[in-house]
Amino acid sequence: MHTNPVTSNFVADITGVDIKSLTDEEFDEIYQTWLTFGVVRIRDQQLNEDELQAFSARFGPLEKIPLGRLPESERAKIKNLYVTQLSNIIVDGKPIGGLGNAEANWHSDMTYVDNPPPASVLLSIEIPDEGGDTYFADQIAALEAMPEELISRVETLTIKHDAAHTSIGKLRPGFEPFDDPRHAPGAEHSIVRTHPETGKPALYLGRREWAYIPEIALDASESLLDEIWSYAALPENVWQQKWQPFDLIIWDNRRVLHRRDDFDQNSRRLMKRCQVLSK
Ligand code: OGA
Ligand code: MN
């Protein structure tokens with residue numbers, strides 16, 4: 001097994017490993033590399049849902065897929081309760097996965113809960129020729145890029161992270177619409193957050209839309225958030241993933257932001273993912 005840095009400090013490829021027959025030592029090495037870098041890519045992993053779920057569960061407890069109003073008879077047909085699909089593919093008039101072909105702005109996953117998730121695990125199955133690239137931005141580097149004076153203004157402040165909207169800006173089922181970020185429901189976290197496992201400070205922004213800094217007035221919050229966000233994804237701290245089928249990427253939501261390009265609805269994109277929850 002080899003670790004090959006893709007960017008100098010926050011993305012690594014791991015080669016020479018088969019996730020289907022992973023030893024504990026190999027998993028420990030993947031885990032350490034993931035903590036060190038924040039984004040790990042392992043190519044050519046043709047995993048089925050059982051295998052993806054088993055691998056992801058080594059990182060921690062997994063988030064159950066939202067079953068919503070699905071009738072009991074339909075629920076029984078779902079084999080892997082911890083694997084979701086992201087896709088624009090429509091079968092029998094129904095999308096087979098989330099997010100469609102839409103662009104997703106910079107975010108990290110589920111930051112709107114009190115104990116936000118560490119890892120997200122994403123496996124590509126079908127990939128369009130063009131579009132649908134995913135980008136990652138290192139939030140340790142983002143913090144380091146900020147002027148000292150700005151850091152000292154924000155390091156005692158928090159952000160309230162909106163729980164009501166998805167990463168493509170749609171209202172989630174069960175939430176009432178609102179038009180004032182102060183009314184957004186969601187958890188509060190320090191803007192500069194110490195990583196619980198590495199001890200390293202990083203910016204922790206969640207997403208820009210509907211964010212609010214509750215210690216200050218709305219106008220001040222809007223302009224301060226814009227100022228902080230101007231450092232969040234500087235080109236030198238961003239890496240672009242051009243997917244091939246069966247790329248497996250594990251990222252650390254406490255360390256990086258991610259976003260994804262839109263793509264042509266006439267092409268097909270299918271991803272499978274597991275959401276690791278905090279222990
Ligand atoms: C995610 C996500 C990006 C993509 O899985 O959390 O934002 O490339 N997906 O589809
Ligand atoms: Mn996401």
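Source: prediction; values computed, not measured. Every number for a ligand or one of its atoms is a count from 1 in the order of the listing.
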Q) Is it true that Lys79 and Glu49 make a salt bridge, defined as a side-chain N closer than 4.0 Å to a carboxylate O? A)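 Result for this pair is no, no salt bridge flagged.
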Q.
Regarding Arg254 and Asp252, does a basic nitrogen lie under 4.0 Å from an acidic carboxylate oxygen?
A.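 A salt bridge links Arg254 with Asp252.
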Q: Look at the side chain of Glu26 and the backbone N and O of Thr23, then say whether any donor-acceptor pair between them is shorter than 3.5 Å.
A: yes
(Q) Checking Lys242 now: which residues fulfil side chain to side chain contact (heavy atoms under 4.5 Å, CB included) with it, not counting sequence neighbours? (A) Asp133, Gln240
Q: Output all residues satisfying salt bridge (Lys or Arg N to Asp or Glu O under 4.0 Å) with Asp226, sequence neighbours left out; order by chain, then residue number.
A: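 Here the qualifying residues are Arg208.
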Q | Residues in the immediate environment of ligand 1 (any heavy atom closer than 4.0 angstrom) | A |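 Its neighbours under 4.0 Å (heavy atoms only) are Leu86, His107, Asp109, Leu122, Thr134, Trp251, His258, Arg260, Arg269, Arg273, given by chain and number.
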Q. Which protein N, O or S atoms lie under 2.8 Å from the Mn ion (ligand 2), given by chain and residue number?
A.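 Checking every protein N, O and S atom gives His107 NE2, Asp109 OD1, His258 NE2.
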Q | Aromatic plane relationship, Phe59 with Phe55 - under 30° parallel, 30 to 60° tilted, over 60° perpendicular | A | perpendicular
Q: Hey, can you tell me if His189 and Tyr204 have their rings parallel, tilted or perpendicular (30° and 60° cut-offs)?
A: perpendicular
Q.
Under 3.5 Å, is there a donor on one side chain and an acceptor on the other for His107 and Asn105?
A. no
Q: Could you tell me whether Glu236 atom CD has more than 12 heavy atoms of other residues or ligands within 6.0 Å of it?
A: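 Check passes, neighbour count above 12.
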